[in-house]
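Quick notes on the structure that follows.
Please read these numbers as outputs of a predicted model, since none were measured by experiment. Letters A, B, ... are given to chains in the order of the sequence lines, protein chains preceding strands, and every chain is numbered from 1.
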4 protein chains.
Amino acid sequence: MDIGFIGLGNMGKAMALNLIKGGYQLRVWNRSPRSAEDLVKSGAVVAEKIEAAFAGDIVISMLADDAALRRLLIDGNVVATAPKGLIHINMATISVALAEELTELHARHGIGYLAAPVFGRPDAAASAKLNIVAAGALHLLDRAQPLFDLMGQKTWRMGDVPYRANAAKLAGNFMIGAAIEAMAEATSLAGAYGVAPAALLELLTNTIFAAPVYKGYGGLIAEDRYEPAAFKLSLGLKDLRLALAAGDQANVPLPLASLVRDNLLDAMAAGDGDKDFAALAKVTQRRAGQRKAS
Amino acid sequence: MDIGFIGLGNMGKAMALNLIKGGYQLRVWNRSPRSAEDLVKSGAVVAEKIEAAFAGDIVISMLADDAALRRLLIDGNVVATAPKGLIHINMATISVALAEELTELHARHGIGYLAAPVFGRPDAAASAKLNIVAAGALHLLDRAQPLFDLMGQKTWRMGDVPYRANAAKLAGNFMIGAAIEAMAEATSLAGAYGVAPAALLELLTNTIFAAPVYKGYGGLIAEDRYEPAAFKLSLGLKDLRLALAAGDQANVPLPLASLVRDNLLDAMAAGDGDKDFAALAKVTQRRAGQRKAS
Amino acid sequence: MDIGFIGLGNMGKAMALNLIKGGYQLRVWNRSPRSAEDLVKSGAVVAEKIEAAFAGDIVISMLADDAALRRLLIDGNVVATAPKGLIHINMATISVALAEELTELHARHGIGYLAAPVFGRPDAAASAKLNIVAAGALHLLDRAQPLFDLMGQKTWRMGDVPYRANAAKLAGNFMIGAAIEAMAEATSLAGAYGVAPAALLELLTNTIFAAPVYKGYGGLIAEDRYEPAAFKLSLGLKDLRLALAAGDQANVPLPLASLVRDNLLDAMAAGDGDKDFAALAKVTQRRAGQRKAS
Amino acid sequence: MDIGFIGLGNMGKAMALNLIKGGYQLRVWNRSPRSAEDLVKSGAVVAEKIEAAFAGDIVISMLADDAALRRLLIDGNVVATAPKGLIHINMATISVALAEELTELHARHGIGYLAAPVFGRPDAAASAKLNIVAAGALHLLDRAQPLFDLMGQKTWRMGDVPYRANAAKLAGNFMIGAAIEAMAEATSLAGAYGVAPAALLELLTNTIFAAPVYKGYGGLIAEDRYEPAAFKLSLGLKDLRLALAAGDQANVPLPLASLVRDNLLDAMAAGDGDKDFAALAKVTQRRAGQRKAS
């Protein structure tokens, strides 16, 4: 099978490498070509132009955001001029609105389209432990499944309409932000009465909240350590915006998402955009007078 | 050791039974004496008056709320007239303010006081799987530990000031409400795009949110089944009020707790107070037009 | 007519003086007797004990808060031992719950009870420009009307159940907090784009928002001047708490009231409790990075 | 002076007529030409193409929203091909981001650009009672002033950067939504205790909240009459979105704006988008169980 791969950030590079290890030949493309070097050593071929990667049997894209996708694939006419029969698997976290637009665009040009965003950070991508949320036509999903199996630990199918996978992914990312906010408020509350954040979180994340999101972000809050960022707060804000936009479009009020977004803006104004998503906790601490403005 | 036990609701009865099974002789008291009958069959002695139970080496109380404690123990002069040297272990979820008041009151009258609220529903109490959050003087905690070991799977010590355990418990209960609200909004968001709540929650509660709170309450939301209530929504509201009162007293803004409280009031107005705490999810569904007012 | 007056703070003293100017003989009582001195010069008689003021034809009370009322009038048995036929006009801002309790208590002891909280600051009290919100039995209101006419510019009757006047007063005070929060956010928003708060507020408070609340508090925000406080932020917080408690008791979600309360707690934590209510605006400014923590 | 006028909705038509009455000759253009008929009777000349109206000395635009402006003026290349020296006065409520983009675009093509959004409904436009918020280069503002004087009662200048006027307008419109939400919560709170919304609002809108926004929207809430809409709720939502987008772009958290937006989405889901903005009050009433879902 002839596979293209577009977008070689931390996530994309690790995912592409797992496909190569699985025996596939990849043509890879990235805006900055240097990111492709490691993959070339492993056997990938560099596509000089994005059109050369957006071809073959299947192309996987893992671009940064809506704007990058729009600029490269839509405005750049790449989808419109791709060979008929190609399947495009878009694994990035994008807006529901763009997913709808892309579905329609691909259909018009005879290109298969799957949405398959993932849960998992770069280390999960490297160890092929991603959880892949996939949606689109069943026969396309079946075609893509062997690739998903090389990149993730499990694929969660959300039906035959691609944007459903994006909605599920945004809902999940919103829940991460909500969990951080909940830990922020809970630790500030208990902290006001002399319970250290670490003591409260040790209790809760080993009992009723013993889940990866709570252990992971809770650990950072307990240690008050927000650098280096495994997932930047500014990226968390981006996802909250997408969740709110999806809610707005469908008349679904999401007051908790609004609250998290507003507190993330507070964190941005405080200069914490490049810190870890968990730095959201500093907002509550400052507001409660438990922490000086940095 | 001579042990009294006050308050034989679903939780108290199960906890008392485990102490009896562990070989302790109990004098038990409950406002409605019928609740004591099962325990009597297991060997407990019924105290005719609360004062007879609030005596001996250790007395454990598991009363319904602040008002019950205040009426029985403070206004009823029970603490003031108890024998010196008695240790009172208050295992109910109460306000931080009352915990402070009780600590001072007990000290003034020469009675030991421990706060030891628990995480776990009646089934966890029955199987001695409670997580006990305990605080108070170290030597008292050590005295109480054998009893804790019979009632719970683990004791989490929060230091030597009793109210710290209450603050930790309230912080945890608030986080449960926050998790339900997050699942409510996430499922309504994804639902607006055709993803069934069960599909989203199966994905999330088996991966990054694989924790008891999410599996338990998420299961109820997925099945849209809120009766019979394992933990009533009106009791969840009571705990949120206590968390907010504790925050208010210490100048800690808790906007997420406020949001959950406001949505719980919406649920109360809709007549769902006796349904399970998870029925909070119906609020978002109604607001998004995904569910008729019942 | 024989009139008692209890509670001689800034408001009470000014109101009592207007009654004296109107030709009435007053027996006055205050916890700290010094506050009565000015009134004595104007002809008032000092009651040594509160019972001596809580007597005669009509007694007006203007005490600080629920706690003071409860301590003096209920716990102190003053209502229970007052002469039958006395009319008590409670003009302080108190909780709806206490108003209900007082109504029942007075009825049981044969004392008339009116609730008559006021809108207006001490300067309005001094110039008899208060707006009086009154409720209670019609014949009692008619008896009280000549006194209201000496203290206020207009009396707004809210029916025959006293607590209705308290509910209306709390609703109004909540709206003041909401207006300040709205101006805070609006000025921070416009300020981020180079519009000075004073320029925005000059526009709005002279056109579509040309009302005393906006002109008054808006003027303080425009000048960034929060001392001396005409109405302390901590008192605004007290009233928001009462509004939220009334909403809670009746299952009325008040998310805007919750928001204002949470931001007032932020202001308290920042040390602004003794500043003017308008200092609530500093919270948004800090959060937006437009103002350093002081 | 040679004046073009683009966008003849209820507002635009009334404003254009006042210019004609003031002695100006207008070339008018509207997407649907029928709207121009009344103006032709008054002496206006119809421009067959938008380019013919976007010419002369000054052109005023009053288009519906960002999308219409972008489609007609930017994508349609109208600005790019307009005669140098023309002054464009954009009086519509648009986003700050688009205002910035338009400022830059006009400058690049040698066209003067002023932002001059207005406060006031169609009746105010008809009677030349608008409040005009204007910003842009001083010499352009001076050129435009005679036109402003024919359309409005007062012009409020916000400096020389056009988008400042848009930021001020959005801040003001947000404050309208906040005022409606405050009245909604206050009337539901008081209503729960037997105070009719009309009674509370009569008190407040004639005293401390005696301002046009409160009297106007408050009157609709008091009468529970939301049709016909003077200003549609869906348009209020549009403006709240623009305010939030401006806040987001500048890292200004606006929790009250978020709250109003979320409640407006609730109203949309309930089918009230075409009702008056004041129908926002129905959301709180439904949530408090004071009103059935319609």
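In terms of heavy atoms, F209(A) sits closest to A179(B) at CE2-CB, 4.2 Å. When all heavy atoms are compared, the tightest approach of A178(A) to L256(B) is O-CD2, 4.1 Å. The two residues L200(A) and A171(B) come nearest to each other via the heavy atoms CD2-CB, 3.9 Å. Heavy-atom minimum distance, P212(B) versus A210(A): CD-N, 4.3 Å.
By number of non-hydrogen pairs under 4.5 angstrom with chain A, the leading residue of A192(B), A246(B), G247(B) is A246(B). Residue with the most contacts toward chain B among A167(A), A211(A), A135(A), A165(A): A211(A) (heavy-atom pairs, distance under 4.5 Å). Top candidate by heavy-atom pairs under 4.5 Å with chain A, chosen from G289(B), G194(B), A250(B), is G194(B). The choice from G177(B), A184(B), A186(B) that makes the most heavy-atom pairs within less than 4.5 Å of chain A is A186(B). If you tally non-hydrogen atom pairs under 4.5 Å between each of V161(B), V133(B), V96(B), L203(B) and chain A, the highest count goes to L203(B). Comparing L204(B), I176(B), V213(B), L170(B) by how many heavy-atom pairs each has under 4.5 Å with chain A, the most go to V213(B). The candidate with the highest count of non-hydrogen atom pairs below 4.5 Å against chain B, out of P255(A), A190(A), A257(A), is P255(A).
Contacts between F174(B) and chain A at a heavy-atom distance below 4.5 Å involve the side chain alone, from C-beta outward. Looking at L259(A), only its side chain comes within 4.5 Å of chain B, counting heavy atoms on both sides. Proximity to chain A (any heavy atom under 4.5 Å) is shown, for A243(B), by both the backbone and the side chain. With a 4.5 Å cut-off on non-hydrogen atoms, L254(A) touches chain B through its backbone and its side chain both. For chain A, no part of V260(B) is nearby; none of its heavy atoms comes within less than 4.5 Å.
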Give me a line-by-line list of donor-acceptor atom pairs from chain B to chain A that are under 3.5 Å apart, or tell me none exist.
| unit_1 | atom_1 | unit_2 | atom_2 | d |
| --- | --- | --- | --- | --- |
| R164(B) | NE | Y193(A) | O | 3.4 |
| E185(B) | OE1 | L256(A) | N | 3.0 |
| E185(B) | OE1 | A257(A) | N | 3.3 |
| E185(B) | OE2 | L256(A) | N | 2.9 |
| Y193(B) | O | R164(A) | NE | 3.4 |
| Y193(B) | OH | A246(A) | O | 2.6 |
| I208(B) | O | V213(A) | N | 3.1 |
| V213(B) | N | I208(A) | O | 3.2 |
| Y214(B) | OH | Y214(A) | OH | 2.5 |
| A246(B) | O | Y193(A) | OH | 2.6 |
| L256(B) | N | E185(A) | OE1 | 3.1 |
| L256(B) | N | E185(A) | OE2 | 2.9 |
| A257(B) | N | E185(A) | OE1 | 3.3 |

